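Please read all numbers here as calculations on a predicted model, not as lab measurements.
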Amino acid sequence: DLHRRAGVARVNRRTKDLVKTLRRGEVAVIRHNDLDSVAARALVACRPAFVVNAGDSITGRYPNSGPSLLLEAGIPILDRIGEEAFEAIREGDSLRLDGDTLYRKGEALAQGRRLMQEIVKEQLESGRRNVVHELRGFAENTLRHLSEEAEGLLEPAAVPDVRTPIAGRHVVIVVRGEGFENDLTRVLSYIQEQRPVLIGVDGGADALLEIGLRPDLILGDMDSVSDRALRCGAELIVHAYRDGRAPGLERVKSLGRDAHLFPVPGTSEDAAMLLAYERGAEMIVAVGTHFSLVDFLDKGRAGMSSTFLVRLKVGSILVDAKGVSRLYRPRVRGKEIVSLMLAGAVPLLAIFILSPSLNNWTKILFLRLKLFFWNLF
């Protein structure tokens, strides 16, 4: 029954932290305006009973697709319960959703806006109409910050002295952005054959581990990568502020791991591209990276000066995963053909040996061939 749902509360202001502990049938209590598609997919994977949002899952500021993904998966959303109600909810509280009212232990706790497909559709249309306005503000902010970040990004960066050899090799940078699963699938055969350096940007390291690949390097703020990934044996690089502060370093040290620091402006995926470029990579393949207006608005960024500058710097060797999949065709190697032939020959040989009738037929055929050649010569 989509109208009424109940479950135990799991509360966190940061959706990407919440999904690490959220279990099937629990209630996700978040504070997330304009829910993005990556966060929504992570919630869908956890299969919560319903989602409660202190803010607006869709404001109409731009066309964010997160709410649509949740509703299509059959997960109800209650918006706008407010900060006071959000603060009142404790981890483990028993919550029930009935219409647009949220109950705790049988008592009404808050009223909100129950999102329906019709509301989401209207807000998406509003967001599409508003894109031009958002684009103008985004461009102005990008231009305003270009001069501030140009010095730190266009000059040769003081990259950490990593042990992993990069010079002259291909590098695949994996970011857990929109469509990263499809991008990884597209380049999997390329990775298996070319053996490039694998760099996981925060949660991108987990994406690699999930398909059976171990990252060579993990770079990021270390706020959305699992302990399992941090312990997998990859070299760790903490993306630091330009003044040297690195909040993610404390977490790395708490796991008994050492890490390099990379103080550079911009996003962690920008830093990963700069690292590969400055270390002499022959080609950089980007998987799941952000570049569209919606991508950046989903990430809460008001501009893209750092990304623009980094792409400008590394553009001559940068290829998107989709481009690699169109241009790259895996080679069929001789040993693979031989292995295939042997694999086919073994069961046929077994059939001949174990089947009396086929065995007799083979002997008769051999004798006839022997007589034929005897008479011929």
Side-chain angles (χ1 to χ4, degrees), residues 37-38 41 153 157 159-160 162-220 224-225 229 232-237 239 260 262 264 266-292 294-296 298-299 304 306-333:
S37 59
V38 174
R41 290 184 198 280
L153 290 169
V159 297
V162 295
R163 298 186 305 275
T164 303
I166 294 176
R169 299 178 65 188
H170 290 199
V171 175
V172 174
I173 296 174
V174 181
V175 181
R176 206 158 194 155
E178 178 64 21
F180 76 92
E181 302 101 328
N182 292 332
D183 280 359
L184 264 179
T185 302
R186 286 187 177 102
V187 299
L188 189 55
S189 58
Y190 157 79
I191 290 173
Q192 291 171 336
E193 187 167 302
Q194 295 296 323
R195 302 295 181 186
V197 178
L198 300 177
I199 301 180
V201 178
D202 277 322
D206 290 289
L208 285 166
L209 290 171
E210 284 164 11
I211 62 168
L213 297 172
R214 198 199 79 172
D216 298 294
L217 298 131
I218 300 174
L219 187 154
S224 57
V225 59
C232 75
E235 274 192 90
L236 305 181
I237 305 172
H239 185 199
H260 306 281
F262 192 12
V264 65
T267 66
S268 293
E269 62 191 75
D270 297 336
M273 289 182 186
L274 281 176
L275 174 75
Y277 180 84
E278 297 292 354
R279 284 291 167 209
E282 181 182 342
M283 186 169 81
I284 300 171
V285 178
V287 173
T289 54
H290 306 85
F291 204 69
S292 74
V294 172
D295 284 339
F296 283 99
D298 275 346
K299 294 286 287 181
M304 56 171 284
S306 64
T307 297
F308 176 78
L309 290 167
V310 169
R311 300 308 196 273
L312 186 68
K313 185 172 185 175
V314 309
S316 60
I317 61 170
L318 178 63
V319 183
D320 185 77
K322 298 175 184 64
V324 170
S325 67
R326 293 190 185 101
L327 297 173
Y328 175 78
R329 292 291 180 272
R331 299 191 303 268
V332 179
R333 289 170 287 193

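- By the 4.5 Å heavy-atom criterion applied to side chains, Pro160 and Leu275 are counted as neighbours.
- Contact annotation: the side chain of Ile317 never approaches that of Glu282 to less than 4.5 Å [non-hydrogen atoms, C-beta and beyond].
- The two atoms that bring Ser268 and Leu219 nearest to each other are O-CD2, 3.4 Å, heavy atoms only.
- Asp270 and Thr267 are linked by a side-chain donor-acceptor pair at a separation below 3.5 angstrom, with hydrogens and angles left out of the test.
- When all heavy atoms of Ile218 and Ala229 are compared, the pair lying nearest together is CD1-O, 3.3 Å.
- Residues Ala321 and Val287 come closest through the heavy atom pair CB-CG2, 3.9 Å.
- For Thr164, the side-chain hydrogen bond (donor to acceptor under 3.5 Å, both in side chains) test picks out Glu235, with sequence neighbours left out.
- Side-chain atoms of Met273 and Arg311, non-hydrogen and from C-beta on, do get closer than 4.5 Å to each other.
- Lys313 and Leu274 make their closest contact through CD-CD2, 3.9 Å (heavy atoms, listed as atom of the first residue, atom of the second, distance).
- Of all heavy-atom pairs spanning Pro215 and Gly200, the tightest one is CB-N, 4.3 Å.
- How far CG of Leu217 is from NE2 of His260: 7.5 Å, rounded to the nearest 0.5 Å.
- Remark: side-chain polar atoms of His239 are paired, donor with acceptor, to backbone N or O of Val264 under 3.5 angstrom.
- Contact record, Val171 with Pro196: N-CB, 4.2 Å, taken as the closest heavy-atom pair.
- One distance of note links CZ of Arg195 with CG of Leu198; it measures 9.5 Å at 0.5 Å rounding.
- Side-chain contact between Leu184 and Val174 is present, with at least one heavy-atom pair separated by less than 4.5 Å.
- Side-chain contact between Met283 and Val319 is present, with heavy atoms from C-beta onward closer than 4.5 Å.
- A side chain to side chain donor-acceptor pair (under 3.5 Å) check over residues 198-219, counting only residues at least two apart or in different chains, returns the pairs Arg176-Glu210, Asp206-Ser226.
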